[in-house]
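No hydrogens, no waters, no symmetry mates; every other heavy atom, side chains included, goes into these values. Quantities reported herein were computed from a predicted structural model and do not represent experimental measurements. In what follows, chains are A, B, ... by sequence order, proteins preceding strands, each numbered from 1.
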Protein chains: 2
Amino acid sequence: MRPTKRDELVQKALQVFYQNGFHATGMDMLVKETGISKTSMYKHFRTKDDLILAVLRLRDEYFRNWLYRRIEELADIPIEQLIAMFDALEEWFDEPGYKGCMFIKASSEYQDSSHPIHNQAADHKRMLEIHFTAIAMKAGLPNPKLLTRQLLLLKEGAIVTAHLGHTENPAQDAKKAAIALIEASSP
Amino acid sequence: MRPTKRDELVQKALQVFYQNGFHATGMDMLVKETGISKTSMYKHFRTKDDLILAVLRLRDEYFRNWLYRRIEELADIPIEQLIAMFDALEEWFDEPGYKGCMFIKASSEYQDSSHPIHNQAADHKRMLEIHFTAIAMKAGLPNPKLLTRQLLLLKEGAIVTAHLGHTENPAQDAKKAAIALIEASSP
DNA sequence: GACAAAGTGAACCGATCTGTACATTTATAG
DNA sequence: CTATAAATGTACAGATCGGTTCACTTTGTC
């Protein structure tokens with residue numbers, strides 16, 4: 001029980017960090033954008049980094065839930081769900097405020113691999129890998145682990161390429177590559 | 001003529017920005033790390049952003065020269081050069097101070113696509129695409145443009161995955177995928 | 001050796017940074 | 001109504017931010 005303020009803060013801070021970056025967003029800007037007092041913020045989170053970690057947890061929950069559900073909506077059988085991932089990604093890229101992957105950005109701004117924020121970003125990627133490996137195994141594909149890692153390489157590549165904006169439709173390029181990889185790996 | 005100080009500044013600033021990030025690196029830190037006075041810096045560059053742009057220009061020159069040369073050393077025929085790109089990447093990932101791609105990080109910290117720094121990062125990726133498309137055409141592969149974009153998606157994916165560090169050997173995963181893609185696209 | 005260009009160091013500007021202190025107001029209970 | 005908890009606004013601390021000023025020293029050239 002007692003949701004509200006704290007959750008509201010994390011939710012709004014997520015938007016601001018995503019659109020603005022982490023270092024570029026100061027606590028005073030968060031006060032302005034979220035309408036929540038600084039005193040309140042520091043009652044819920046001891047440091048800015050703690051707030052960022054909470055934001056990343058929420059982002060992980062939002063994003064994975066959305067992606068997993070969307071893929072299930074788009075396709076029924078496992079092998080087609082793997083491919084549908086890239087259609088889901090295209091929808092994401094086409095959203096107005098698209099600014100790349102929050103976890104890639106977090107690991108770019110907190111580069112040291114010992115930093116908690118960097119680590120949490122890596123955790124997000126690990127969980128994606130586990131989920132999609134399970135789907136690849138259900139699909140009965142040979143070497144599902146390798147194939148999943150390769151599909152996820154295409155995913156990460158499409159994400160940063162869509163943000164850089166120098167290419168027409170990276171999601172569909174990746175989708176075609178994914179199909180070719182899956183066909184090549186099938187008997 | 002007259003190289004030295006300015007070039008020395010850009011060269012040393014490149015290291016600091018790469019290891020530390022852009023927003024996280026202040027001008028006073030640059031003074032400390034490069035040993036060049038702030039007065040001198042601001043005589044050569046009007047703003048920090050101007051310095052960053054110069055740093056990215058140098059990085060682009062360094063990186064592309066290295067990658068193009070290394071690939072030619074590793075393979076003779078075009079089709080094998082495309083594949084050798086991923087062996088070159090692996091060498092890069094294994095370097096001690098590896099911290100991902102400077103241009104991806106730049107576009108993460110300067111997200112607005114109208115920002116000169118973001119744009120210059122996109123230019124770097126464009127030039128890579130042109131170069132590798134030419135190689136793919138020399139290789140006589142069908143649809144060389146699409147194939148190149150796909151190989152570059154694998155490359156970007158491997159770069160960020162190697163930095164996140166949650167996967168064993170993304171370069172070799174990408175290499176195997178590249179081989180499969182090329183074989184699938186060959187007659 | 002003289003002169004100009006290039007570089008230096010340190011102080012300084014106003015703004016902003018993360019984080020704290022404190023007195024006050026607003027909700028939520030019993 | 002009253003006691004308690006939660007949230008607020010503001011002012012502030014100390015450090016750092018990007019950038020400027022200025023008097024001085026080094027460097028290269030004729």
(request) Return the 5'-most residue of the pair R46(A), A24(A) with respect to DNA chain C, ranking by each residue's nearest nucleotide. (result) A24(A)
(message) At 4.0 Å (heavy atoms only), tell me whether H44(A) reaches a base, stays on the sugar-phosphate, or touches nothing.
(response) sugar-phosphate
(request) Salt-bridge test for E168(B) and R149(A): reply yes if a basic N is under 4.0 Å from a carboxylate O, no otherwise. (result) no
(request) For H23(A) and dT18(C), give me the distance from atom NE2 to atom C1', rounded to whole Å. (result) 12 Å
(message) Tell me the interatomic distance from M41(A), atom CE, to dC17(C), atom C1', rounded to whole angstroms.
(response) 14 Å
(request) Give the rounded distance in Å between these two atoms: NZ of K5(A) and C1' of dT8(D). (result) 10 Å
(message) Distance check needed: dA6(C) C1' versus E8(B) CD, whole Å only.
(response) 13 Å
(request) Using whole Å, report how far CE of M27(B) lies from C1' of dT16(D). (result) 14 Å
(request) Using atom NZ of K43(B) as one end and atom C1' of dG9(C) as the other, report the distance to the nearest whole Å. (result) 13 Å
(message) Quick check on dT18(C): is either OP1 or OP2 less than 4.0 Å from any side-chain nitrogen or oxygen of K48(A)?
(response) yes
(request) Indicate whether OP1 or OP2 belonging to dT8(D) is found under 4.0 Å from a side-chain N or O atom of S40(A). (result) yes
(request) Kindly say whether the aromatic ring centers of Y110(A) and H23(A) come within a distance under 6.0 Å. (result) yes
(request) Confirm from the modelled atom types if T39(A) and dG9(D) form a donor-acceptor pair under 3.5 Å, side chain to base only. (result) yes
(request) With the side chain of K38(A) defined as its heavy atoms from C-beta on, choose the nearest nucleotide among dG19(D), dG19(C), dA7(D). (result) dG19(C)
(request) Could you check how far CG of L9(A) sits from C1' of dA6(D), rounded to whole Å? (result) 14 Å
(request) Check the distance between dC17(C)'s P and D28(B)'s CG and give it to me in whole angstrom. (result) 17 Å
(message) Check this for me: does any side-chain nitrogen of one of K5(B) and E8(B) sit under 4.0 Å from a carboxylate oxygen of the other?
(response) yes
(request) Classify the side-chain pair E72(B)/Q81(B) by whether it contains a donor and acceptor separated by less than 3.5 Å. (result) no
(message) Could you walk me through whether F63(B) and H124(B) satisfy the ring pair (Phe, Tyr, Trp, His ring centres under 6.0 Å) test, starting with their C-alpha distance in whole Å, then the side-chain angles of each, then the deciding distance to 0.1 Å, before giving a yes or no?
(response) CA-CA 10 Å; F63(B) 182 81; H124(B) 168 77; 5.7 Å; yes
(message) Quick check on dG7(C): is either OP1 or OP2 less than 4.0 Å from any side-chain nitrogen or oxygen of S37(B)?
(response) no
